[in-house]
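See structure below.
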Amino acid sequence: MKPRLSTVALAVLLQAGLALAQAQQSSESTQAAQASEPSLARQSIEWSQTRLTELDAAIAVFEQNLAKRKGNTRAEVEVALQELKGKRDVYRAEAEAAAAQAKIRSEQELAQARQSLDDSWTALQGTKDRYLDTVQADVATRRAVLQAEFDARQKVWQEAIDGLSADAARLSAEQRVAIEVRIEALKVRVEEEKARAARLRDASTQAWENAKQSYAEAQQNFAQTYSSIRESIAEAAKK
């Protein structure tokens, strides 16, 4: 004769089953939320790919400069340029892998991935600067590089703002008010950076270097503000 489970045992088993189901449901809800509501860390990882637009613009200037060189000098410059391109491709692969895995990573893992990308980008910028020194780039070339980077960055900024505006337009009129004010403020900052770059076209090399640092800070601020507005839009869309 098969033993029967007592009423107490059945109750315990039932409670355990309900607890397990609730835990699974909670886990699934959390995963779904992470997938549909990207965190600032996740957005930063996705944004890190846009930095390559600037480097590609700089490399295009380097290639134009290379075409003007001849003999042994050209060969040496070509080797240095290939090294820079190789490191750029390594960064691109790292950024793409980080973005592809962002939805399944924890916040701690995302923070680590973002820091790794930032460190890799800093190292890549160092490689670019050493390239300029190695090839003894003249003032005109250095200015052309910075101008190309500025132009590429401004294009990325404009595309990002257009995307924010398009997404904000899908919200209700009441939800849009505060968000559109922030988008307009971001537009003003971008226009100010454009005007600053325009004034630099005939400036000294030192002025270009100072602007380079200032522009790097502007880029970081833009990325943070963009991510914050993007998060606000996502929050408003849920209501």
Side-chain angles (χ1 to χ4, degrees), residues 44-70 72-99 114-161 189-224 226:
S44 295
I45 287 176
E46 294 172 353
W47 182 260
S48 67
Q49 294 176 284
T50 66
R51 295 188 288 200
L52 284 166
T53 304
E54 299 172 38
L55 186 58
D56 287 340
I59 287 177
V61 175
F62 296 154
E63 290 175 332
Q64 293 172 2
N65 180 265
L66 175 63
K68 300 175 183 178
R69 295 177 180 260
K70 299 179 180 179
N72 293 334
T73 301
R74 178 188 174 94
E76 292 173 2
V77 172
E78 192 166 10
V79 169
L81 183 55
Q82 288 303 318
E83 178 186 2
L84 177 60
K85 287 182 177 180
K87 291 186 177 182
R88 173 203 58 185
D89 294 342
V90 170
Y91 177 86
R92 190 191 306 278
E94 181 183 357
E96 290 176 350
R114 182 179 60 181
Q115 185 60 54
S116 177
L117 283 170
D118 288 344
D119 292 343
S120 295
W121 179 253
T122 299
L124 187 53
Q125 288 297 296
T127 300
K128 184 196 71 176
D129 292 340
R130 286 194 299 275
Y131 169 87
L132 286 167
D133 292 337
T134 298
V135 303
Q136 299 179 345
D138 57 18
V139 173
T141 299
R142 291 175 184 270
R143 284 180 179 175
V145 168
L146 286 172
Q147 186 64 58
E149 290 177 335
F150 289 176
D151 292 345
R153 190 177 306 171
Q154 288 165 0
K155 182 179 179 181
V156 169
W157 284 355
Q158 188 59 57
E159 290 174 350
I161 289 176
R189 286 165 59 183
V190 170
E191 289 303 318
E192 290 174 348
E193 293 301 328
K194 285 182 179 179
R196 181 187 301 181
R199 292 194 297 269
L200 284 170
R201 292 186 185 279
D202 298 319
S204 66
T205 302
Q206 185 58 49
W208 275 102
E209 289 300 320
N210 293 340
K212 179 180 177 182
Q213 178 60 34
S214 175
Y215 224 63
E217 294 172 358
Q219 182 187 37
Q220 182 178 8
N221 291 334
F222 181 94
Q224 292 173 344
Y226 168 85

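Bear in mind the structure is a predicted one, so any value in this text is a computation, not a measurement.
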So do the side chains of Leu117 and Arg51 get within less than 4.5 Å of each other, counting heavy atoms only?
yes
Correct closest heavy-atom pair for Leu124 and Arg88 would be CD1-N, 3.8 Å
May I ask you to test the Glu193-Phe222 pair for a side-chain heavy-atom distance under 4.5 Å?
no
Approximate separation, where rounding is to 0.5 Å, of Gln219 CD and Gln224 CD
11.0 Å
For Ser120 and Ser116, indicate whether the former's side chain and the latter's backbone hold a donor-acceptor pair under 3.5 Å.
yes
Note, Arg189 side chain near Asn221 side chain (heavy atom, < 4.5 Å):
yes
When you check the side-chain N and O atoms of Asp129 and Gln125, is any donor under 3.5 Å from an acceptor?
no
Nearest 0.5 Å please: distance from the CG atom of Leu81 over to the CD1 atom of Ile59.
6.5 Å
Hey, could you give me each pair passing ring-ring contact (aromatic ring centres under 6.0 Å, His included) that has a residue in residues 130-151? Not counting sequence neighbours.
Phe62-Tyr131, Phe150-Trp208, Phe150-Tyr215
Is it the case that over 12 heavy atoms from other parts of the model lie below 6.0 angstrom from the CD atom of Gln82?
yes
Identify the heavy atoms of Ala67 and Arg74 that sit nearest to each other, and give their distance.
CA-NH1, 3.5 Å
Should the pair Glu149-Lys128 be classified as a salt bridge under the 4.0 Å nitrogen-to-oxygen rule?
yes
Quick one: pull up CG in Asp89 and CD in Glu96 and give me the separation to the nearest 0.5 Å.
9.5 Å
Is Asp151 paired with Lys194 through a side-chain N to carboxylate O contact shorter than 4.0 Å?
no
State, yes or no, whether a side-chain contact exists between Arg153 and Val190 at a heavy-atom distance under 4.5 Å.
no
Report the distance from atom OG1 of Thr73 to atom CG of Leu66, rounding to the nearest 0.5 Å.
11.0 Å
For residues Val145 and Ala58, report the shortest heavy-atom separation together with the two atoms involved.
CG1-CB, 3.8 Å
Taking the side chain as every heavy atom from C-beta outward, state whether Arg92 and Asp56 have any pair of such atoms under 4.5 Å apart.
yes
State, without any angle test, whether Gln115 and Asp119 hold a side-chain donor-acceptor pair at a distance under 3.5 Å.
yes
Going by the rule side-chain contact (heavy atoms from CB on, under 4.5 Å), which residues pair with Lys155 if we only count those two or more places apart in sequence or in a different chain?
Glu159
Side chains of Thr127 and Glu83 only: does a donor on one sit below 3.5 Å from an acceptor on the other?
no
Does the side chain of Thr141 pick up a donor-acceptor pair with the side chain of Asp138 at under 3.5 Å?
yes
Do you know the tightest heavy-atom contact between Trp121 and Leu55?
CH2-CB, 4.1 Å
Show the nearest heavy-atom pair for residues Glu54 and Ala152, with the distance to one decimal.
CA-CB, 4.1 Å
